[in-house]
Amino acid sequence: MAETKIQQRLINPPQNPFPTTWSDLNDPLEALSLIDTAHRLGIAYRFQAEIDLILQHHYAASLNLDVAYANHELYEVALRFRLLRQGGYFVPSDMFEAFMDEDGHFKQELENDINGVMSLFEASQICLPGEAILEEARVFSARIMSVYVMNNVDCKKARHVARALANPYHTSFSKFLVKDYFGMGDLPDTNRLTRDFQLVAKMDFNVAQDMRRRELHQFTQWWTDTGLGKVLGFARDQPLKWYICSLVCLTDPCFSEERVELSKPISFIYLIDDMFDVYASFDQLKLFTEAVRRWDVTVAEALPDCMRICFKSLYEMTNEISSKIHKKHGWNPINSFKKSWSKLCDAFLVESEWFVSGYSPSAKEYLRNGAVSSGVHVVLVHAFFLLGQRINHETVKLLDNDPEIISSTATILRLQDDLGSAKDENQDGHDGSYVNYYMKDNKDASIESSRQHIASLISYAWKKLNRECLSSSPFPLAFMETSLNIARFVPILYGYDENQNLPTLKKLVKSMLYERAEI
């Protein structure tokens with residue numbers, strides 16, 4: 001009962017803590033700043049109806065560029081642009097032409113407007129393929145911000161600028177670390193209501209933290225009951241990490257049960273990856289893959305005990321989740337789940353075959369397969385059905401054929417993983433690297449130029465992902481946000497330091513599970 005009460009306090013608060021807040025905001029800029037503050041503090045879900053109304057008003061006004069942006073400062077124009085795109089509204093980037101000279105470059109006098117430049121930099125992160133203005137905006141604003149930081153080393157404002165430069169809100173993990181914004185000076189352009197919002201955010205944070213610890217306990221108990229940690233001695237045993245992956249996918253407080261369930265398939269992605277990478281023979285892997293393709297436990301009978309038990313556990317877990325979703329949402333996703341596991345094992349098997357045969361794929365071939373072996377599609381397919389929104393024949397057909405909202409995120413994860421120099425988890429496996437294959441394809445390429453090429457591919461994948469989230473997609477907003485969250489989480493997941501530790505992931509775990517917010 002305690003957990004139910006906690007969930008109710010978050011999902012259905014007794015009343016809006018600020019019943020007149022939004023209607024009292026006559027200043028459009030103040031309303032936009034307050035929306036930004038609510039997002040950064042993690043409490044936007046409390047005011048979603050009010051936020052939607054304000055954004056609808058601004059979107060309607062934005063259709064007339066001459067009226068909507070006449071005589072407006074860069075900070076306001078860029079903030080409005082970002083919040084509208086962030087909310088799923090397509091607004092054209094040519095509104096920034098008012099701040100550019102005849103040569104198509106941003107005016108130099110903007111260098112003196114550091115708040116406006118920061119807002120422009122944040123807006124440039126929601127760039128679509130072919131948007132040259134936003135590319136120019138990103139390069140221009142990043143340069144100005146870097147110079148500002150260097151020239152104002154001991155200035156508190158410079159520290160804020162440096163953080164925004166390193167971790168832009170849309171594409172980074174900033175939204176997962178809401179606790180960083182609990183100090184009064186840590187929110188940009190604070191307004192008269194910031195202190196009240198911070199108080200509510202702190203209370204929400206502590207209540208949500210209690211819920212997360214209970215979720216972690218439930219998942220850890222499930223993991224212990226499976227006995228797989230002992231049976232699969234060669235594999236990683238990291239229930240905390242697997243739960244955190246689920247938590248950052250589904251951040252909304254109302255998805256408590258869904259987070260626990262999503263942690264389960266995430267754990268199997270890691271287990272099966274290790275089986276292919278460091279344990280089984282190629283013939284055993286072919287048989288395991290065949291069992292998954294046919295979804296038949298009898299096929300797995302000839303496998304070693306640990307592999308047979310692993311497949312049986314995968315089979316039972318998948319059928320159990322399918323049954324729960326069918327009962328709750330009226331659609332049995334078992335076929336989609338089976339296809340996702342089959343694709344994953346097929347991709348793992350391809351990599352094993354390359355290793356056994358000594359075959360060296362092209363960089364393009366490696367990336368096409370590597371995006372699948374990342375496991376992102378397995379996570380997103382399960383997340384889609386667990387969310388239970390817009391499940392119909394159209395969306396399921398799209399989902400089963402790796403739409404760009406999945407493939408773009410998978411590409412980001414695979415490339416970001418390969419961009420890191422440290423070996424994942426110190427595993428002694430035989431995973432390839434895009435850098436290696438790219439340099440074989442391009443004999444004159446250096447390591448540095450190859451890494452720059454990967455960075456450009458990641459940037460383009462982000463642009464495609466942004467496009468998917470701004471198109472008239474049949475997928476629900478919650479699913480698109482899940483895909484974005486995976487892409488945002490990737491730098492944390494593979495952010496190794498020189499000692500091959502993951503300091504930012506450690507910080508995230510402490511913040512979301514153990515460090516209370518002082519009220």
Side-chain angles (χ1 to χ4, degrees), residues 124-125 127-132 134-140 142-143 146 166 168 171-172 273 276-277 282 343-344 346-377 402-468 486-488 490-498 500:
S124 72
Q125 305 303 309
C127 181
L128 311 184
E131 288 193 307
L134 290 184
E135 279 289 352
E136 175 75 16
R138 181 184 59 80
V139 173
F140 170 80
R143 176 176 62 81
S146 297
T171 58
S172 80
D273 182 25
F276 273 77
D277 196 27
F282 184 63
K343 287 179 184 177
L344 180 67
D346 283 342
F348 284 158
L349 192 64
V350 166
E351 292 174 349
S352 296
E353 187 173 8
W354 288 344
F355 175 74
V356 170
S357 66
Y359 175 71
S360 180
S362 67
K364 184 177 181 180
E365 186 180 7
Y366 164 80
L367 182 57
R368 184 169 57 248
N369 188 75
V372 180
S373 68
S374 71
V376 166
H377 72 290
D402 293 329
E404 278 201 336
I405 197 165
I406 291 179
S407 62
S408 298
T409 301
T411 298
I412 292 169
L413 189 147
R414 173 53 65 211
L415 289 173
Q416 190 72 52
D417 180 11
D418 288 354
L419 196 58
S421 59
K423 281 188 177 181
D424 178 28
E425 314 291 352
N426 293 315
Q427 293 287 299
D428 296 322
H430 42 74
D431 290 341
S433 166
Y434 184 88
V435 174
N436 296 336
Y437 296 126
Y438 180 78
M439 292 180 69
K440 286 182 180 179
D441 291 347
N442 300 271
K443 302 300 183 183
D444 297 331
S446 64
I447 292 179
E448 183 57 32
S449 66
S450 299
R451 291 171 68 86
Q452 290 175 355
H453 174 69
I454 291 178
S456 69
L457 292 178
I458 292 174
S459 176
Y460 187 68
W462 260 108
K463 292 172 185 176
K464 293 197 293 183
L465 181 56
N466 289 335
R467 180 176 61 193
E468 288 301 301
I486 293 176
R488 291 162 176 153
V490 167
I492 300 178
L493 198 58
Y494 300 108
Y496 292 94
D497 62 14
E498 58 186 12
Q500 296 194 17

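In what follows, residues are counted from 1 in the order of the sequence shown. Since we're looking at a predicted model, the values are computed, not measured.
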Worksheet item: Any chance the side chains of S449 and S446 put a donor and an acceptor closer than 3.5 Å?
Response: yes
Worksheet item: So do the side chains of S172 and R488 get within less than 4.5 Å of each other, counting heavy atoms only?
Response: no
Fill in: Residues E131 and K463 bridged, charged N to O under 4.0 Å
no
Worksheet entry | Side chain S459, main chain A455, donor-acceptor under 3.5 Å | no
Worksheet item: Taking NZ, NE, NH1 and NH2 as the nitrogens, is one of them in K343 or D402 under 4.0 Å from a carboxylate oxygen of the other?
Response: yes
Practice prompt. Before accepting this row, confirm whether a basic side-chain N of the pair E135/R138 lies closer than 4.0 Å to the acidic partner's carboxylate O.
Written response: yes
Item to complete: Work out which heavy atom in F276 is nearest to a heavy atom in L349; give both atom names and the distance.
Response: CE2-N, 3.7 Å
Worksheet item: Are H453 and Y438 side-chain neighbours, meaning at least one heavy-atom pair lies under 4.5 Å?
Response: yes
Worksheet item: Would a 4.5 Å heavy-atom cut-off, applied to side chains only, mark Y494 and L413 as touching?
Response: yes
Worksheet item: For L465 and A487, which heavy atoms make the closest approach, and how far apart are they?
Response: CD2-CB, 3.9 Å
Worksheet entry | Contact check, side chains of L457 and Y434, non-hydrogen atoms, under 4.5 Å | yes
Worksheet entry | Audit row: S408, E468, side-chain hydrogen bond (donor to acceptor under 3.5 Å, both in side chains) steps and yes/no | CA-CA 9 Å; S408 298; E468 288 301 301; over 6 Å; no
Item to complete: Anything under 30° is parallel, anything over 60° is perpendicular, the rest tilted; go ahead and classify W354 against Y437.
Response: perpendicular
Discussion item. Just by distance, no angles: are the side chains of D418 and Y366 close enough, under 3.5 Å, to form a donor-acceptor pair?
Written reply: yes
Item to complete: Mind listing the closest non-hydrogen atom pair of R414 and G370 along with its distance?
Response: NE-O, 2.9 Å
